Engineer: 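Before anything else, here's the structure in question.
Owing to the predicted nature of the structure, the values given are computational and were not obtained by experimental measurement. Numbers restart at 1 for each chain; the letters A, B, ... are given by sequence-line order, proteins then strands.
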Protein chains: 2
Amino acid sequence: MPTATLEPADSIRAAGLRVTTQRLAVLGALENMPHADADAIHRRVRSTQPDISLQSVYVVLGALTDAGLLRRIEPAGSPARYERRIGDNHHHAICTGCGAVQDVDCAVGHAPCLTPAPPAPLPGTGTGTGAGTGDVAGFRITTAEVTYWGLCPACQHLPASHPDKKENA
Amino acid sequence: MPTATLEPADSIRAAGLRVTTQRLAVLGALENMPHADADAIHRRVRSTQPDISLQSVYVVLGALTDAGLLRRIEPAGSPARYERRIGDNHHHAICTGCGAVQDVDCAVGHAPCLTPAPPAPLPGTGTGTGAGTGDVAGFRITTAEVTYWGLCPACQHLPASHPDKKENA
DNA sequence: GCACTTGTTGTGAGTGATTCATAATAAGGA
DNA sequence: TCCTTATTATGAATCACTCACAACAAGTGC
């Protein structure tokens with residue numbers, strides 16, 4: 001039994017949290033719509049729990065995120081999104097046209113972004129101080145986040161008719 | 001290649017914008033405090049222009065960003081920050097303790113995060129200008145953004161307190 | 001130097017996303 | 001089943017930012 005496909009109720013319990021219908025509903029919603037934002041999750045959850053409020057969804061999302069059951073990503077210029085895929089250090093490609101988010105496995109295979117210090121040390125000039133393992137500019141790095149910005153396949157074929165998203169170079 | 005060594009007034013003019021005292025003040029403020037947010041910039045600018053409003057600072061920042069004179073970064077969980085270092089594809093290390101931001105040159109040297117597909121033979125001459133367009137999950141990638149999260153040197157030596165709120169001045 | 005055009009700024013209100021405070025409710029152990 | 005305490009519901013509040021529009025001033029022509 002793969003650990004990642006634990007029953008939602010079990011994973012909630014395993015995290016030391018109480019199992020509630022709201023939390024199950026939120027996890028269930030994210031099962032079908034990865035990278036959804038709070039509002040989308042709220043709409044989806046309301047189909048089974050019409051009385052749940054958006055604020056309660058926020059509370060649930062916060063609790064599940066704190067417990068490590070969800071990962072929260074915050075693309076620049078768009079509301080926070082949540083995903084169930086946790087535990088690996090995958091990255092994200094975000095469409096500047098429609099805002100779609102796609103998981104991207106670290107294709108290089110050895111988490112290069114997590115340990116940016118190359119085998120040969122940097123010349124310690126200017127901003128680049130000598131870096132040890134997991135150290136960047138004197139920082140003790142714990143996480144590296146890579147976001148690719150571009151056009152999704154669908155938007156590549158559109159005549160640039162989605163101006164709702166700003167492109168900051 | 002309009003470098004940052006241009007006089008602020010010249011770079012504003014070169015971008016096709018009118019030179020105003022407000023814009024000069026904002027650029028001047030960012031000269032001394034890289035990675036400042038709008039509020040910090042506003043406070044700094046008010047020392048020379050006491051009547052400028054925060055909204056006007058936002059307008060100026062937006063104009064300068066659109067003109068390519070500033071780069072806007074939006075770390076998760078903190079307001080947008082602005083920096084004058086543009087034109088290169090450097091990354092950022094952000095302290096989870098105090099929110100400090102540090103520039104990080106692409107340590108691997110050949111923009112690995114921009115072209116994660118292993119067989120793609122990217123000419124290393126670009127040095128991370130963001131010009132390479134790789135394909136990730138069908139996306140046509142134009143920009144790759146790398147954010148390292150960790151503890152800055154100062155916060156590494158502090159007892160494990162999480163203020164979570166930073167004051168950058 | 002002066003008037004004019006038009007880009008910029010100032011101002012207050014408005015918006016979207018998220019959090020806070022607190023009372024009501026329900027999950028899970030005794 | 002009861003009881004404790006985690007969890008949810010609710011409305012207000014906050015935070016970062018944008019909008020509309022009138023007032024102003026930078027740059028241009030004379």
Side-chain angles (χ1 to χ4, degrees), chain A residues 8-27 35-43 45-46 48-67 69-70 72-82 99 163-166 168, chain B residues 8-27 35-43 45-46 48-67 69-70 72-82 99 164-168:
Chain A
D10 294 331
S11 57
I12 292 174
R13 228 183 312 266
L17 297 179
R18 288 184 180 174
V19 178
T20 67
T21 54
Q22 291 86 346
R23 288 171 177 173
L24 290 174
V26 165
L27 285 182
H35 313 118
D37 58 21
D39 193 59
I41 295 170
H42 179 221
R43 285 197 304 273
V45 169
R46 265 196 311 190
T48 57
Q49 309 203 24
D51 287 338
I52 197 172
S53 68
L54 176 60
Q55 289 90 329
S56 294
V57 171
Y58 272 112
V59 172
V60 169
L61 288 172
L64 295 179
T65 303
D66 285 345
L69 297 178
L70 293 182
R72 174 185 177 138
I73 57 177
E74 301 182 47
S78 83
R81 291 149 178 270
Y82 298 84
D164 57 303
K165 182 75 181 176
K166 69 194 168 215
N168 41 357
Chain B
D10 293 332
S11 57
I12 293 175
R13 229 185 311 269
L17 297 178
R18 288 186 179 173
V19 179
T20 68
T21 54
Q22 290 87 346
R23 289 173 177 172
L24 290 175
V26 165
L27 285 183
H35 313 117
D37 59 20
D39 192 60
I41 295 169
H42 179 222
R43 285 198 304 275
V45 169
R46 263 195 313 191
T48 57
Q49 308 203 24
D51 286 338
I52 197 171
S53 68
L54 177 60
Q55 289 91 328
S56 294
V57 171
Y58 272 112
V59 172
V60 168
L61 288 171
L64 295 180
T65 303
D66 285 346
L69 296 178
L70 293 182
R72 173 186 176 137
I73 58 177
E74 303 182 45
S78 84
R81 289 147 179 271
Y82 298 85
D164 251 42
K165 205 62 182 174
K166 83 280 164 266
E167 193 62 23
N168 215 355

Engineer: When the distance from CZ of B:Arg72 to C1' of D:dT18 is rounded to whole Å, what number comes out?
Structural biologist: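 It works out to 11 Å between those atoms.
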
Engineer: Can you tell me the distance, in whole Å, between the CG atom of B:Leu61 and the C1' atom of D:dC19?
Structural biologist: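 Checked: the CG to C1' distance equals 17 Å.
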
Engineer: Taking atom P of D:dA16 as reference, at what distance in whole Å does atom CZ of B:Arg43 sit?
Structural biologist: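 Going from CZ in B:Arg43 over to P in D:dA16 covers 11 Å.
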
Engineer: If you compare all heavy atoms of A:Ser53 against all heavy atoms of A:His42, which two are closest, and at what distance to 0.1 Å?
Structural biologist: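 Nearest pair, atom of A:Ser53 first, then A:His42: C-NE2, 3.5 Å.
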
Engineer: Considering residues at least two apart in sequence or located in another chain, which fulfil the side-chain hydrogen bond (donor to acceptor under 3.5 Å, both in side chains) criterion with A:Arg43?
Structural biologist: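 Partners of A:Arg43 by the side-chain hydrogen bond (donor to acceptor under 3.5 Å, both in side chains) criterion, ordered by chain and then number, come out as A:Asp39.
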
Engineer: Where do A:Val45 and A:Gln22 land on the side-chain contact (heavy atoms from CB on, under 4.5 Å) test, with the steps shown first?
Structural biologist: CA-CA 8 Å; A:Val45 169; A:Gln22 291 86 346; over 6 Å; no

Engineer: Round to a whole Å and report the spacing from CG of A:Asp66 to P of D:dT8.
Structural biologist: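 Atom-to-atom, A:Asp66 to D:dT8, this comes out as 13 Å.
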
Engineer: What is the distance, to the nearest angstrom, from the CG atom on A:Asp37 to the C1' atom on C:dT18?
Structural biologist: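 In whole Å, C:dT18 C1' lies 12 Å from A:Asp37 CG.
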
Engineer: Of all the heavy-atom pairs spanning B:Glu74 and B:Ala80, show the shortest one and how long it is.
Structural biologist: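 Taking every non-hydrogen atom into account, CG-CB, 3.9 Å.
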
Engineer: Would you say a side-chain N or O of B:Tyr58 is under 4.0 Å from OP1 or OP2 of D:dC17?
Structural biologist: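 Indeed, a polar side-chain atom of B:Tyr58 lies that close.
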
Engineer: Step by step, work out the side-chain contact (heavy atoms from CB on, under 4.5 Å) result for B:Asp10 and B:Arg13.
Structural biologist: CA-CA 5 Å; B:Asp10 293 332; B:Arg13 229 185 311 269; 4.1 Å; yes

Engineer: Within the 4.0 Å limit for protein heavy atoms, which parts of nucleotides 4-11 of chain C are touched? Write it as a string from 5' to 3', B for base, S for sugar-phosphate only, - for none.
Structural biologist: --BBSBBB

Engineer: Can you tell me how far C1' of D:dA9 sits from CZ of A:Arg46, to the nearest Å?
Structural biologist: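 Roughly 14 Å, once rounded to whole Å.
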
Engineer: Starting from the 5' end of DNA chain D, give me the residue, B:Ala38 or B:Arg13, whose nearest nucleotide shows up first.
Structural biologist: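 So the residue in question is B:Ala38.
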
Engineer: Show your reasoning for whether side-chain contact (heavy atoms from CB on, under 4.5 Å) applies to B:Ile12 and B:Thr20.
Structural biologist: CA-CA 9 Å; B:Ile12 293 175; B:Thr20 68; over 6 Å; no

Engineer: Measure the distance from CG on B:Asp10 to P on D:dG27 and round it to the nearest whole Å.
Structural biologist: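 To the nearest whole Å, that distance equals 11 Å.
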
Engineer: Rounded to whole angstroms, how far apart are CD on B:Glu74 and P on D:dT18?
Structural biologist: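 Atom CD in B:Glu74 sits about 9 Å away from atom P in D:dT18.
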
